[in-house]
2 protein chains.
Amino acid sequence: MALRLNSADADFDSAFETYVKCDRNGDADVSGVVREVVAKVRMEGMEAVKAYTAKFDQFALTDENLRVASDEIDQAEAACDTEDLKALDFAAERIRDYHEKQLPIDVRYTDDAGVTLGWRWTCVDAAGLYAPGGRAAYPSSVLMNAIPAKVAGVSRLAMVTPSPKGDMNPLVLAAAKRARVSEIYRIGGAQAIAALAYGAGPIKPVDVIVGPGNAFVAEAKRQVFGAVGIDSVAGPSEILVVADGKNDPQWIAADLLSQAEHDPSSQSVLITDDAAFADKAAAAVEEQLEASPRREIAQAAWNDNSAIIVVGSLNDAPELVNAIAPEHLELAVDDPEVMLKKIRHAGAIFLGRYAPEAVGDYVAGPDHVLPTARAARYASGLSVLDFMKRTSIIGCDEAALNKIGRQAARLADAEGLPAHAKSVRVRLKP
Amino acid sequence: MALRLNSADADFDSAFETYVKCDRNGDADVSGVVREVVAKVRMEGMEAVKAYTAKFDQFALTDENLRVASDEIDQAEAACDTEDLKALDFAAERIRDYHEKQLPIDVRYTDDAGVTLGWRWTCVDAAGLYAPGGRAAYPSSVLMNAIPAKVAGVSRLAMVTPSPKGDMNPLVLAAAKRARVSEIYRIGGAQAIAALAYGAGPIKPVDVIVGPGNAFVAEAKRQVFGAVGIDSVAGPSEILVVADGKNDPQWIAADLLSQAEHDPSSQSVLITDDAAFADKAAAAVEEQLEASPRREIAQAAWNDNSAIIVVGSLNDAPELVNAIAPEHLELAVDDPEVMLKKIRHAGAIFLGRYAPEAVGDYVAGPDHVLPTARAARYASGLSVLDFMKRTSIIGCDEAALNKIGRQAARLADAEGLPAHAKSVRVRLKP
């Protein structure tokens, strides 16, 4: 059973705050281990990567099997179900269409003082993509991470993915081919992140590293940040559904479980103004859990991290949503556009009763890499901008510099930076 | 004397690569100390902040003097030189004008399948601003960090600044007033970053922390990243000047020294196709160093980290620039627009002979918080976007879901996520 809260209860505010602040990531500090792995790969390169791969992935990495050959990728694709490949193509096209709309526009103008100003966007030279192996090997994640990079214009896209005992997921390789990933390496963990950041053997360093991973991968990304850019450090999935009593409880239960089935640390929250509907949805969750092939995971997430919150009015829902700042938010109400206006913090918002979160995971088009653990307060989902950067442009002719330069020199003087002032004054008319 | 390289030399490529990869940040690992400070502030709140402030700033922090009162700010402003205040106003207005052009646009559309798609930008609720004290107390930095936040629409802006022995820089307070900073606290170091991230005493937690600081501040920002957003971890300043032989060597020398005077770790680079001009510029640097009130700092930066690179043709300059990915780039050539097209990586680019970098530090308008240490390969300068985040919008009606839902469910099946598939299929027409 999930936690049950009612906004009419006297202790609601404190109970809600305690629930919101609960840390689902656990406190295991892997920074020491990761620091050692990163340092060793940086120093010893591919030899260290091979040693860690033997140890952690039980895979004998060689110069020959390090990189997945293009005929291996073609063979993997041929082994995939044709309908699965069609679905991948369908998803890839929709993801590409949406992300193309994100391409930013350069700006240039000359202001009243005659100063040329603006900015220009350019893409990074090379991006690294981490794709988890094993249970969390998701072809959809390969599309969602690689396509924005390609839309941004990145020419070199290097993917790393662990292959425990050498196994690779064929659909992951097919997705990488569709997303035009240029290099695929059979390595994973902190050692793969270090190899991407600093280079190792034939793997040249990249400029930015994206993609989900376990605690070691997340910590490695944090540690190499600065040497390269990173997307963000993603935590367990979350869904928050705001639903009135007119919804089908089976639909809403399925939505809540769609995130609960990801990981025992996942979080599902229902906010409703209808206590009877809350009961029905809770019963539907238990019923669907009984039949779930992933019951153990989903049940843990539901019992340990999830909540049903009954509010007096759905007008009270937006402020609770903003406090939770969920990764995914469904507004299963009559007029979702009205409620949308009151939401400030959420990774992605799904409007209406026919927009289950799972369409966003695969085919809607927007990226499914989204901020978790309340990071939607300050962070955005992955986009083409994660693979681009903005350069400021400043141009002056003699007249323009004479209009703005004296004030610059004055402030430089006030800050005790005489060479700054001098570099302006030498160019000014007397 | 700075390093001197010539692209005609046989060992140029390796010498250049060694120079580019040189780490000017030093290897001092302050992460252990910072981890302790952050944990203690998180646990004990203001009591820990007071203890660290007594220890590091020799300042007896009390509940009364923690926050700078508004009449103290007014008094500080009254003590400033009127011409300095006018220059601040001039700068603030230009910075605001430029950043207002960065405000992003929301997008909404309905695609061929009838799916409602788009995104919406919202600002963070609260931002924290670190302003260094002592030697590096720069009012211009307060403007450059605070104004983008206010333009983004952030209502609460909390500034922290250490006041060793209680002293504050009046012009810093005047700048904060102009930038409409809402709270100013007399604390600094890692303890101030922790207080902003987790809250301490009357200081409520913020959502994003920006602003420059020393190694402890930078490491603290890195460690609280995730609990809050951060701008970036800035290193020592850099300038790269590409200049032909038609420039005045005194002007170019002044530009090189304008960054060298920041810090002994700063870096200045000149790339020119004219060896005689290189000699003249080098001589002018030495001459200006003789007269510099900040000679010790500038000389160290020039001797230890700087370089003059002579190339056979200025056509070879852009690839060297891209490898260095400088924070500041001056193109002091006849047709800077032509060269601009070949530059991929730089924080800010200054066009022409009358655009010294220092105008960008103060009054041009673009932000002076820019990526250092080759981070311009993947990172942008500070902007209003650092205080905003993008929420994806996805809406489906029954018809739209029936057009895209089957493919979503198929991919969910392929990934072994049955509840994802179910949440879509329960809504589909049979």
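Since we're looking at a predicted model, the values are computed, not measured. Heavy-atom basis, side chains included; hydrogens, waters and symmetry copies ignored.
The distance from atom CG of A/L117 to atom CG of B/D97, rounded to the nearest 0.5 Å, is 9.5 Å. A/I349 contributes atom CD1, which lies 4.5 Å from atom CD1 of B/I393 (distance to the nearest 0.5 angstrom). Here the OG-CZ distance, from B/S31 to A/R35, works out to 4.0 Å after rounding to the nearest 0.5 Å. The structure places CG of A/D367 at 7.5 Å from OG of B/S392, a figure rounded to the nearest 0.5 Å. Here the straight-line distance linking atom CG of B/L351 with atom CD1 of A/I394 works out to 9.0 Å at 0.5 Å rounding. In this structure, CZ on A/R120 lies 4.5 Å from CG on B/L340, to the nearest 0.5 angstrom.
Looking at B/D255 and A/K422, no side-chain N of the basic residue comes within less than 4.0 Å of a carboxylate O on the acidic one, giving no salt bridge. Using a cutoff of 4.0 Å between basic side-chain nitrogens and carboxylate oxygens, A/D111 and B/K101 are not scored as salt-bridged. Under the 4.0 Å criterion applied to side-chain N and carboxylate O atoms, A/D81 and B/R410 are assigned as salt-bridge partners. A/E83 has no carboxylate O lying under 4.0 Å from a charged side-chain N of B/R406, or vice versa, which leaves the two without a salt bridge.
Taking chain B as the reference chain and counting heavy-atom pairs below 4.5 Å, the highest number among A/T391, A/L88, A/V107, A/D248 is found for A/T391. In terms of heavy-atom pairs under 4.5 angstrom with chain B, the leader among A/S258, A/A355, A/A254 is A/S258. Note: A/V228 leads A/D361, A/V228, A/L329 in heavy-atom pairs under 4.5 Å with chain B. Between chain A and the options B/G352, B/C80, B/G229, the largest number of non-hydrogen pairs under 4.5 Å is found for B/G229. Interface remark: of the candidates A/A421, A/S292, A/P293, A/P366, A/P366 forms the most heavy-atom pairs closer than 4.5 Å to chain B. Listed options A/A227, A/P336, A/A91, A/S232 were ranked by heavy-atom pairs under 4.5 angstrom with chain B; first place goes to A/A227. By number of non-hydrogen pairs under 4.5 angstrom with chain A, the leading residue of B/W251, B/F90, B/W121 is B/W251. In terms of heavy-atom pairs under 4.5 angstrom with chain A, the leader among B/P104, B/A348, B/A127, B/G365 is B/A348. Residue with the most contacts toward chain A among B/L428, B/L401, B/V124: B/L401 (heavy-atom pairs, distance under 4.5 Å). Of the residues considered (B/A260, B/S140, B/A376), B/S140 shows the highest number of contacts with chain A, using heavy-atom pairs under 4.5 Å. Ranking A/R425, A/M388, A/R353, A/K86 against chain B, the residue ahead of the rest is A/R353, based on heavy-atom pairs under 4.5 Å. Counting heavy-atom pairs closer than 4.5 Å to chain A, the top residue among B/A126, B/G381, B/A409 is B/G381.
Scored by the ring pair (Phe, Tyr, Trp, His ring centres under 6.0 Å) test, A/Y378 finds no partners at all (sequence neighbours excluded). Every salt bridge (Lys or Arg N to Asp or Glu O under 4.0 Å) that B/D207 has, sequence neighbours left out, goes to A/R377.
Neither the backbone nor the side chain of B/L331 comes within less than 4.5 Å of any heavy atom of chain A. Within the 4.5 angstrom heavy-atom criterion, only side-chain atoms of A/L171, from C-beta onward, approach chain B. Within the 4.5 angstrom heavy-atom criterion, no atom of B/A298 approaches chain A. Using a 4.5 Å cut-off between heavy atoms, B/Q102 touches chain A through backbone and side chain atoms alike. Of the atoms belonging to B/K403, it is backbone heavy atoms, and not side-chain ones, that fall under 4.5 Å from chain A. The contact between A/D125 and chain B is made by backbone and side chain atoms together, counting heavy-atom distances below 4.5 Å. Of the two parts of A/R374, neither the backbone nor the side chain holds a non-hydrogen atom closer than 4.5 Å to a non-hydrogen atom of chain B. Interface remark: A/R94 contributes side-chain atoms only to the contact with chain B (heavy atom separation under 4.5 Å). When heavy atoms are compared at a cutoff of 4.5 Å, B/T372 does not approach chain A at all. Contact of B/I343 with chain A is made through backbone and side chain together, with heavy-atom distances under 4.5 Å. With a threshold of 4.5 angstrom between heavy atoms, B/R295 does not approach chain A through any atom at all. Only the backbone of B/Q223 comes within contact range of chain A, judged by heavy atoms closer than 4.5 Å. There is no contact between A/L256 and chain B, counting heavy-atom distances below 4.5 Å. For B/I230, the part lying under 4.5 angstrom from a heavy atom of chain A is the side chain only. Contact annotation for B/V115: only side-chain heavy atoms (C-beta onward) come within less than 4.5 Å of a heavy atom of chain A.
A donor-acceptor pair is defined here as one N or O able to donate and one able to accept, closer than 3.5 Å; such a pair exists between the side chain of A/E261 and the backbone of B/H420. Side-chain N or O atoms of B/R294 include one that pairs as donor or acceptor with a backbone N or O of A/G416 at under 3.5 Å.
B/A358 approaches A/V424 most closely through the heavy-atom pair CB-CG2, 3.8 Å. B/K389 approaches A/H345 most closely through the heavy-atom pair NZ-ND1, 2.8 Å. In terms of heavy atoms, A/I404 sits closest to B/V363 at O-CG2, 3.4 Å. Counting all heavy atoms, side chain and backbone alike, A/R344 lies closest to B/T122 at O-OG1, 2.9 Å.
Between B/F225 and A/F225, the two ring planes are parallel [angle under 30°; tilted spans 30° to 60°].
Side-chain atoms of A/Y138 and B/L417, non-hydrogen and from C-beta on, do get closer than 4.5 Å to each other. B/D84 places none of its side-chain heavy atoms less than 4.5 Å from the side chain of A/L411.
A donor-acceptor contact closer than 3.5 angstrom is absent between the side chains of B/S423 and A/E357.
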